[in-house]
Amino acid sequence: AVVDSGLWEHEALVKDTNGTNRVVARYDALTGAVGSEVVDESGHGTHMTSIMANSSPTMQNGRPTGTYKGVAPDVSLVAVKVLGREGLAHVLEIVRAIQWVVDHREKYNIRVLNLSFAQTPRWPYWEDPVDQAAMRAWAEGIAVVAAAGNEGPEPATVGSPGNLPYIITVGAVTDSWTPNTRSDDYLPDFSSRGPTPEGHIKPDIVALGGHMTGLIRPQSALALEQPEDILRTGEFVSTGSSQASALVSGVLALLLQLEPDLTPDDLKCKLVTSAEPAINRDGKLAYSPFQQGFGLVNATRAVTLGQKGC
């Protein structure tokens with residue numbers, strides 16, 4: 001389930017790699033409408049969903065490579081609209097959206113909830129309504145992934161609901177436009193840092209979030225306001241911890257495809273025990289745990305080395 005600004009009805013998003021419809025439900029928390037198209041006026045939700053699930057084949061020299069542009073190109077989707085054209089939402093509407101996801105988790109087999117947004121914490125996490133809604137989802141068997149936020153590099157800038165200690169909070173890494181080498185990857189200044197107001201280590205992990213390419217509705221606010229970020233293919237390039245969170249949600253879907261019985265706690269355990277922290281040549285951490293958490297998420301390592309029962 002993607003709780004965001006809606007979904008563009010693009011074929012690579014509404015259909016999987018076999019051409020089968022895979023959007024199993026749509027809900028507009030702003031209007032209460034169920035089942036009808038959730039038009040993405042902002043563009044943010046479509047971009048997140050594209051990173052997670054784009055079923056378009058990757059091409060090289062005009063030929064398909066056998067891989068796909070989305071992390072989990074055959075995942076089923078539940079599109080929930082809570083953000084308007086300007087990418088803003090009220091607390092009550094976010095809670096309503098998450099409540100709807102929890103209420104329909106069994107009907108639509110919702111196992112992962114992506115929350116690619118962050119706001120400055122106004123209450124302790126045990127009093128924050130959005131945090132408590134996310135905690136309920138986690139307790140009901142849904143793995144919740146939240147963006148750390150884009151308010152770095154100062155400490156104590158992790159937003160809500162990412163300040164909730166139980167869920168999976170994701171910061172961003174950029175590859176310096178060199179995808180085939182790790183040596184120049186770094187944690188960009190914008191990625192929010194911990195600790196949380198209550199002193200917890202956040203983010204839990206970091207993932208690629210720099211210049212992420214994905215689909216976007218051409219008439220959406222982001223596309224119209226940032227035309228310089230649209231490629232010749234019509235795809236949109238954007239950067240943030242939101243994009244990193246969407247990538248991690250895709251990884252969780254793949255882990256659940258392999259092991260459907262994994263609980264949210266087990267999924268988090270697999271990610272943090274297999275993450276790769278950035279380490280200097282002297283063997284010391286390049287970033288503190290308040291900056292990189294347990295380190296960079298790695299899907300292959302999560303499968304082969306990730307543990308359960310943390």
Side-chain angles (χ1 to χ4, degrees), residues 2-8 40-54 69-71 82-89 94 113-121 130 134 144-163 167-177 179 185-194 202-217 220-231 235-252 287 290-293 296-297:
V2 183
V3 172
D4 212 291
S5 61
L7 180 67
W8 182 30
D40 187 1
E41 301 163 286
S42 162
H44 190 270
T46 294
H47 200 253
M48 298 308 106
T49 307
S50 176
I51 291 168
M52 192 184 310
N54 189 342
K69 292 185 178 182
V71 178
V82 73
L83 303 177
R85 183 174 180 82
E86 303 306 319
L88 303 174
I94 298 172
L113 171 59
N114 189 79
L115 304 176
S116 283
F117 51 79
Q119 61 179 354
T120 302
V130 175
V144 181
V145 183
N150 300 333
E151 303 300 325
E154 295 302 316
T157 50
V158 170
S160 166
N163 64 327
I167 65 172
I168 300 166
T169 306
V170 187
V173 168
T174 182
D175 67 0
S176 301
W177 301 93
D185 294 4
Y186 67 94
L187 199 71
D189 282 351
F190 69 77
S191 188
S192 291
R193 273 74 163 163
K202 287 285 179 172
D204 297 293
I205 51 175
V206 290
L208 287 172
H211 49 265
M212 304 290 276
T213 301
L215 296 168
I216 195 168
R217 181 170 165 264
S220 63
L222 284 175
L224 295 175
E225 293 168 6
Q226 299 169 227
E228 68 277 8
D229 293 326
I230 297 178
L231 304 176
E235 293 171 303
F236 187 75
V237 179
S238 189
T239 293
S241 60
S242 289
Q243 285 76 3
S245 300
L247 186 152
V248 170
S249 290
V251 171
L252 293 186
Y287 300 101
F290 291 122
Q291 296 170 310
Q292 66 173 337
L296 182 68
V297 70

Donor-acceptor pairs under 3.5 Å, side chain of residues 242-251 to any protein atom, not counting sequence neighbours: which ones?
{"from": "Ser242", "atom 1": "OG", "to": "His44", "atom 2": "NE2", "distance (Å)": "3.4"}
{"from": "Ser242", "atom 1": "OG", "to": "Ser116", "atom 2": "O", "distance (Å)": "3.0"}
{"from": "Gln243", "atom 1": "OE1", "to": "Gly240", "atom 2": "N", "distance (Å)": "3.1"}
{"from": "Gln243", "atom 1": "NE2", "to": "Ser238", "atom 2": "OG", "distance (Å)": "3.2"}
{"from": "Ser245", "atom 1": "OG", "to": "Ala146", "atom 2": "O", "distance (Å)": "3.4"}
{"from": "Ser245", "atom 1": "OG", "to": "Ala147", "atom 2": "N", "distance (Å)": "3.2"}
{"from": "Ser245", "atom 1": "OG", "to": "Ser241", "atom 2": "O", "distance (Å)": "2.9"}
{"from": "Ser249", "atom 1": "OG", "to": "Asn114", "atom 2": "OD1", "distance (Å)": "2.7"}
{"from": "Ser249", "atom 1": "OG", "to": "Ser245", "atom 2": "O", "distance (Å)": "3.3"}

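- With rounding to the nearest 0.5 angstrom, the CG atom of Leu296 is 6.0 Å from the CG atom of Leu208.
- Residues meeting the side chain to side chain contact (heavy atoms under 4.5 Å, CB included) test with Ser192, sequence neighbours left out: Ala148, Glu151, Thr157, Val158.
- In this structure, the separation between CG on Asp229 and CG on Leu222 is 9.0 Å, given to the nearest 0.5 Å.
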Starting from the C-alpha separation in whole Å, work towards a yes-or-no answer on side-chain contact (heavy atoms from CB on, under 4.5 Å) for Trp8 and Ser220. CA-CA 9 Å; Trp8 182 30; Ser220 63; over 6 Å; no
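- Val130 places a side-chain heavy atom less than 4.5 Å from the side chain of Pro161.
- Sequence neighbours left out, the pairs with a member in residues 235-251 that pass salt bridge (Lys or Arg N to Asp or Glu O under 4.0 Å) are Lys69-Glu235.
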From CA spacing to verdict: side-chain contact (heavy atoms from CB on, under 4.5 Å), Leu231, Thr213: CA-CA 9 Å; Leu231 304 176; Thr213 301; 3.9 Å; yes
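- Nearest heavy atom pair, residue Ser191 against residue Arg193, reads O-NH1, 2.5 Å.
- Panel note: side chain Asp175, backbone Trp177; a donor-acceptor pair is recorded below 3.5 Å.
- Nearest heavy atom pair, residue Ala134 against residue Leu115, reads CB-CD1, 4.4 Å.
- In terms of heavy-atom proximity, Glu228 sits nearest to Glu225 at OE1-O, 4.4 Å.
- By the side-chain hydrogen bond (donor to acceptor under 3.5 Å, both in side chains) test, Thr46 pairs with Asp40, sequence neighbours left out.
- To the nearest 0.5 Å, atom OG1 of residue Thr239 and atom CZ of residue Phe190 are 5.5 Å apart.
- The shortest distance between side-chain heavy atoms of Val170 and Val145 falls below 4.5 Å.
- The two residues Gly45 and Ser5 make their nearest non-hydrogen contact at N-OG, 2.7 Å.
- Closest heavy-atom contact between Ala118 and Gly149: CB-CA, 3.8 Å.
- Rounding to the nearest 0.5 Å gives a distance of 11.5 Å between OG1 of Thr174 and CG of Asp189.
- Under the ring-ring contact (aromatic ring centres under 6.0 Å, His included) criterion, Phe117 pairs with no residue at all, not counting sequence neighbours.
- The line from CD1 of Ile168 to CG of Leu113 is 11.0 Å long, rounded to the nearest 0.5 Å.
- The closest donor-acceptor contact from the side chain of Ser160 to the backbone of Pro121 lies at 3.5 Å or more, if one exists at all.
- Qualifying side chain to side chain contact (heavy atoms under 4.5 Å, CB included) partners for Leu88, counting only residues two or more places apart in sequence or in other chains: Glu86.
- A side-chain donor-acceptor contact under 3.5 Å links Ser50 to the backbone of Leu215.
- Between Phe236 and His47, the two ring planes are perpendicular [angle over 60°; tilted spans 30° to 60°].
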What verdict does the side-chain contact (heavy atoms from CB on, under 4.5 Å) test give for Leu7 and Val2, after you've listed the backbone C-alpha separation in whole Å, the side-chain angles of each residue and the deciding distance to 0.1 Å? CA-CA 9 Å; Leu7 180 67; Val2 183; over 6 Å; no
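- Nearest heavy atoms, Val206 versus Gln291: CG1-O, 4.0 Å.
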